[in-house]
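If you read the sequence from its start, that first residue is 1, and numbering goes on from there.
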Amino acid sequence: IENRARLFVEMIEKAREAGGDDFLVAVLMNAIEIADEPLGGDGKLITVDEAKEIAKLLEAAGADLIQIRAGAPGSEMNNWALDIEHAGYQLDGNTGFGSFFDYEKHNEGMIEGRYSGVASFSKLAKEIKTAVSVPVGCACYMDPRTAPDLINGLVEDGSVDLVFMSRALFADPELPIKLQEGRRDEVRPCTRCLTCHRIVDANIALPEGKAPKACRTNAWFMHNYTEDMPEGADPTPAETAKNVMVVGGGPAGLEAARIAAERGHNVTLYEKKDSLGGLIRASMGYKSPHERLQDYIDYLTRQNELQGVTVKLSTEVTADMVKQENPDAVIVAVGGANDSRLTEGNGTPLLINMADGAANVDEMGDRVVICGTDARAIDLALFLVGNGKTVTMVHEDIEENIDRGQSRWYHVFLVKALYAKGVKIYNEAEVQGLSEGALDIVTAGGIEKSIPCDTVIECWDLLPSTELADALGSDYDVHVVGDCSGSFNIQSAVYSGNLAGRAV
C-alpha cells in the first residue's frame, strides 16, 4: 500500500511545503477500481479496504479534503460519469462493452445503481469517511436540481461532506443561486447527454476527426465570445422592439422565442400541435427516461412565460397568415420533413414512418427493419429490442456515421449494447424496395439480399422543410432554424434558434 501511494503522498507533501499550512490541498482518489473489461476481472485492482488505507496515508501527508471516484481500466466514462451506464432504453448497468453490471454483486456492491446514476459514488464516500477525519465528497450526477431530497439526505446523514458537480453547471452556472432563491423551475437542466464530450458526425472536418464540444441545452457554452457570439453569453438588447413571429414550438423555436423576447422584442410563437416540444416530445416515447427531456421542455416553456412570449397552440401558419399579421421578422422552426421513399403494396411488410414508430409497437410483428441509423434510429432500435423485437438496420452511409448526431460516449455505449443484443446493421447498402414479406437491398459487397420482416420503419435523415420560408421570399426578415434548415440533433437545433433570436 505504501509503495502504491508513494508518488501521490510525495506530491501532497511538496504541495503542502510550497503552499504553507493555510494552503488548501484537495485530492481526488479512486475509492475502488472496477473491472469493466473484462467484467468482474478485478483480481489486481484496488479494493475498498485498500483505498481506505491509501486515504489514511493521503491525510497524513497533508490532504485537507478528499474527492473520491471509481477507477476503470476499460472506459474513461466508468471512472467518473457513471450515469452513462443508465443511458438507453432498458440498459441500466451498461459497461460500454456489451455487458452489464449487477450493482448488487459487482464492485463489492459499492456502486449505487438505483437512481439512474445519481449519487453513484455515495456508498464509497461514506466508507472512506470511516477511515479519515478530513471532509470527503464525490461527484457523478450529484445534481441538486434533479434529486434535491436524495442529495440533501446524503449530506444530512453524513454519507458525504461535499458535493461536486460540473456538467450541471455547464448547463446553468447560476444553478446554486436559483435553487437557493427557490427558482428550481428556472434552472436550465443538464440532460446527461454528454454532448459536452463531442458529437458523432464524421462529416465535420476537424483535427483528429473530433466534432466540437457543446451543451445540448446551453447554446452559449463553448461558444460565447466566439465569432458567432462576440457579445458573450448574454444577448445584446435590441435597439428597437420588433414584432417577431416564431413558427414552430420545438426546441429551436422555443429557444429563438426566448432569446428574442429577452432582448426586448414582442414575440408570438405558433405551434401546429396542441403541445410544445416538437420532436423532443415524440422521442420521449422511445428514449430512455434517463435524459429527463420533459424537464427541458418545462424549462423552455417556463422561460417563454417569464419573457412574456405569447404562445398560440393548434395553429398552423401559412404564408397568407404571415402577410396578414405583417411581423417585422419571422423565425421558421417547423421541423424537418420525413423521407418516405418506399411504397407499400400487396404482400409487402407493414410500412411505418419514424414519427409513428413507438406508437405502433404492438402492431408491427416480431421482425422489424429500420431504414436509417442516425441517433433517432439507434434510440428507436433499442426501444424495439427492449420490447422483444428482432431488429435489423439498413443505411446508405458509412459505418463511422452510425448514430450520427449522438454524443460520442452515448454512441460508444449504445451501439455496442445494440450489437450485443443481436442487431445486424448493413452499412453502405442500397435499398431497392419492398417485396413479398421482405425489404430488398444490395449490400456494400454488391450482393442482392432480401431481409425477411413484418415491418419496415423509414427513419432516414430528415429533409429540409423550407416551403414557408420560400413562400415568404424577401418580403420579410426570415430566419430558418432547427431541423427544417438541416440541423440533426437537439443541440444543433437549440444553437441555431439561439443565434436567430440574437439576429432579429
Within the side chain of [X], is there an N or O that forms a donor-acceptor pair under 3.5 Å with the backbone of [Y]?
{"X": "Thr310", "Y": "Thr268", "answer": "no"}
{"X": "Thr195", "Y": "Ser407", "answer": "no"}
{"X": "Asn360", "Y": "Asp356", "answer": "yes"}
{"X": "His411", "Y": "Ile402", "answer": "yes"}
{"X": "Arg192", "Y": "Ile84", "answer": "no"}
{"X": "His290", "Y": "Ser116", "answer": "yes"}
{"X": "Lys416", "Y": "Phe97", "answer": "no"}
{"X": "Ser120", "Y": "Ile111", "answer": "no"}

Do the side chains of [X] and [Y] get close enough for a salt bridge, i.e. N-O under 4.0 angstrom?
{"X": "Asp374", "Y": "Arg404", "result": "no"}
{"X": "Glu127", "Y": "Lys123", "result": "no"}
{"X": "Glu231", "Y": "Arg502", "result": "yes"}
{"X": "Lys273", "Y": "Glu271", "result": "no"}

Discussion item. Can you list everything that forms a ring-ring contact (aromatic ring centres under 6.0 Å, His included) with Trp460? Sequence neighbours excluded, please.
Written reply: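 Partners of Trp460 under the ring-ring contact (aromatic ring centres under 6.0 Å, His included) test: none.
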Fill in: With His395, the side-chain hydrogen bond (donor to acceptor under 3.5 Å, both in side chains) member among Asp461, Asn401, Thr373
Thr373
Worksheet item: Please, which pairs that meet salt bridge (Lys or Arg N to Asp or Glu O under 4.0 Å) have at least one residue in residues 291-318, sequence neighbours excluded?
Response: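 Those involving residues 291-318 are Arg145-Asp295, Asp185-Arg302, Arg216-Glu291, Lys287-Glu291, Arg292-Asp295, Arg302-Glu305.
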Discussion item. I want to check a possible cation-pi pair here: Arg114 against Tyr103, using under 6.0 Å from ring centre and within 45° of the ring axis as the test.
Written reply: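 Checked: cation-pi criterion not met.
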